[in-house]
Asker: 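This is the structure I want to talk about, given as structure tokens.
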Amino acid sequence: LLMIRPCSVVAVEVKPGEDAVLECRAPSGASATVLEWTKADLPADEYFFFYRNGRSYEKYQHPSFRGRVVLQNPSGVQNGDVSVVLKNVSLEDMGTYRCRVLMSSTGSGAKEHSEVIQLRNVMHSGTTEEPEEDRGQAEKVATEEETDPNIPVWVGVFVACVAVGGVGLLLFRRNKTSRHQLADRAAEI
């Protein structure tokens with residue numbers, strides 16, 4: 001059973017050089033088994049932070065984040081607290097981050113939880129600066145619901161089934177027509 005919940009966007013404002021806490025909390029009573037923190041402008045196979053089976057894996061992190069991201073409360077993972085701390089924030093760190101948690105809870109099977117964080121630069125005047133590539137994205141993300149990441153796979157399976165069924169029907173009709181033609185020829189002889 002896979003339960004998917006809608007996600008919302010939270011803004012975190014920080015000055016360059018400071019540490020930023022990116023909060024993400026799975027529903028209570030759930031234990032995180034896999035944690036994937038991603039950033040909108042990173043390649044799909046690189047993470048901001050990756051955690052599985054009780055430990056983090058720096059080898060899956062984008063090089064610019066290695067050694068700068070830690071769990072805020074390592075013992076809190078068992079209770080759904082998968083918040084992280086990004087140390088020594090730079091202007092390049094500003095942008096949209098997504099926390100995706102696969103979790104288990106007693107009796108209800110595997111679940112997925114997702115949250116989106118917008119990391120913004122606090123300028124000296126107290127206003128925030130939002131990266132150009134992320135403008136307008138927060139509103140879009142806030143209204144989207146999580147979807148099954150395997151949708152392209154399911155579409156491919158469906159198309160393949162339709163194609164195989166179509167070829168089978170074509171061969172069946174062709175075979176049926178051939179039988180009728182043979183029967184007609186035999187009757188003529």
Asker: Do Leu71 and Val89 belong together in a cluster built from hydrophobic side chains that touch within less than 4.5 Å?
Answerer: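 Yes, because Leu71 and Val89 connect within a single hydrophobic cluster, where side-chain heavy atoms sit under 4.5 Å apart.
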Asker: Is it possible for you to say whether Val10 and Val21 belong to one hydrophobic cluster, with membership spreading through side-chain heavy-atom contacts below 4.5 Å?
Answerer: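 No; Val21 is not reachable from Val10 via cluster members.
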Asker: Less than 4.5 Å apart, side chain to side chain, heavy atoms only: is that true for Phe48 and Thr38?
Answerer: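 A side-chain contact under 4.5 Å is absent here.
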Asker: With distance as the sole test, does Arg68 use its side chain to make a donor-acceptor pair with the main-chain N or O of Asn88 at under 3.5 Å?
Answerer: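 Answer holds: yes.
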Asker: Out of curiosity, Phe49 CZ to Glu58 CD, how far, rounded to the nearest 0.5 Å?
Answerer: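 It is 9.0 Å, given to the nearest 0.5 Å.
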Asker: What distance separates Arg98 CZ from Lys39 NZ, expressed to the nearest 0.5 Å?
Answerer: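 Nearest 0.5 Å value for the CZ-NZ distance: 15.0 Å.
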Asker: Rounded to the nearest 0.5 Å, what's the gap from CZ on Phe50 to OH on Tyr57? Could you check?
Answerer: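 If we round to the nearest 0.5 Å, Phe50:CZ and Tyr57:OH are 7.5 Å apart.
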Asker: Start with the C-alpha gap between Cys99 and Leu35, add the side-chain angles, then the distance that decides, and say whether side chain to side chain contact (heavy atoms under 4.5 Å, CB included) holds.
Answerer: CA-CA 7 Å; Cys99 166; Leu35 169 61; 3.9 Å; yes
Asker: So, does Arg66 use its side chain to make a donor-acceptor pair with the main chain of Gln61 at under 3.5 Å?
Answerer: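 Here the side-chain-to-backbone pair exists.
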Asker: Apply side chain to side chain contact (heavy atoms under 4.5 Å, CB included) to the pair Val12 and Glu23, showing each step before the final yes or no.
Answerer: CA-CA 9 Å; Val12 174; Glu23 289 190 15; over 6 Å; no
Asker: Taking Leu42 as the starting point, is it possible to reach Tyr51 by hopping between hydrophobic residues whose side chains are less than 4.5 Å apart?
Answerer: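 Hydrophobic grouping puts Tyr51 with Leu42.
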Asker: Evaluate the side-chain proximity of Val84 to Tyr97: yes if any heavy-atom separation is below 4.5 Å, no if none is.
Answerer: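 Of all side-chain heavy-atom pairs linking Val84 with Tyr97, none is under 4.5 Å.
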Asker: Roughly how far, to the nearest 0.5 Å, is CZ of Phe65 from CD of Glu92?
Answerer: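 Glu92 CD to Phe65 CZ: 9.5 Å, rounded to 0.5 Å.
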Asker: Is any side-chain heavy atom of Arg52 less than 4.5 Å from a side-chain heavy atom of Leu102?
Answerer: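 No, their side chains stay 4.5 Å or more apart.
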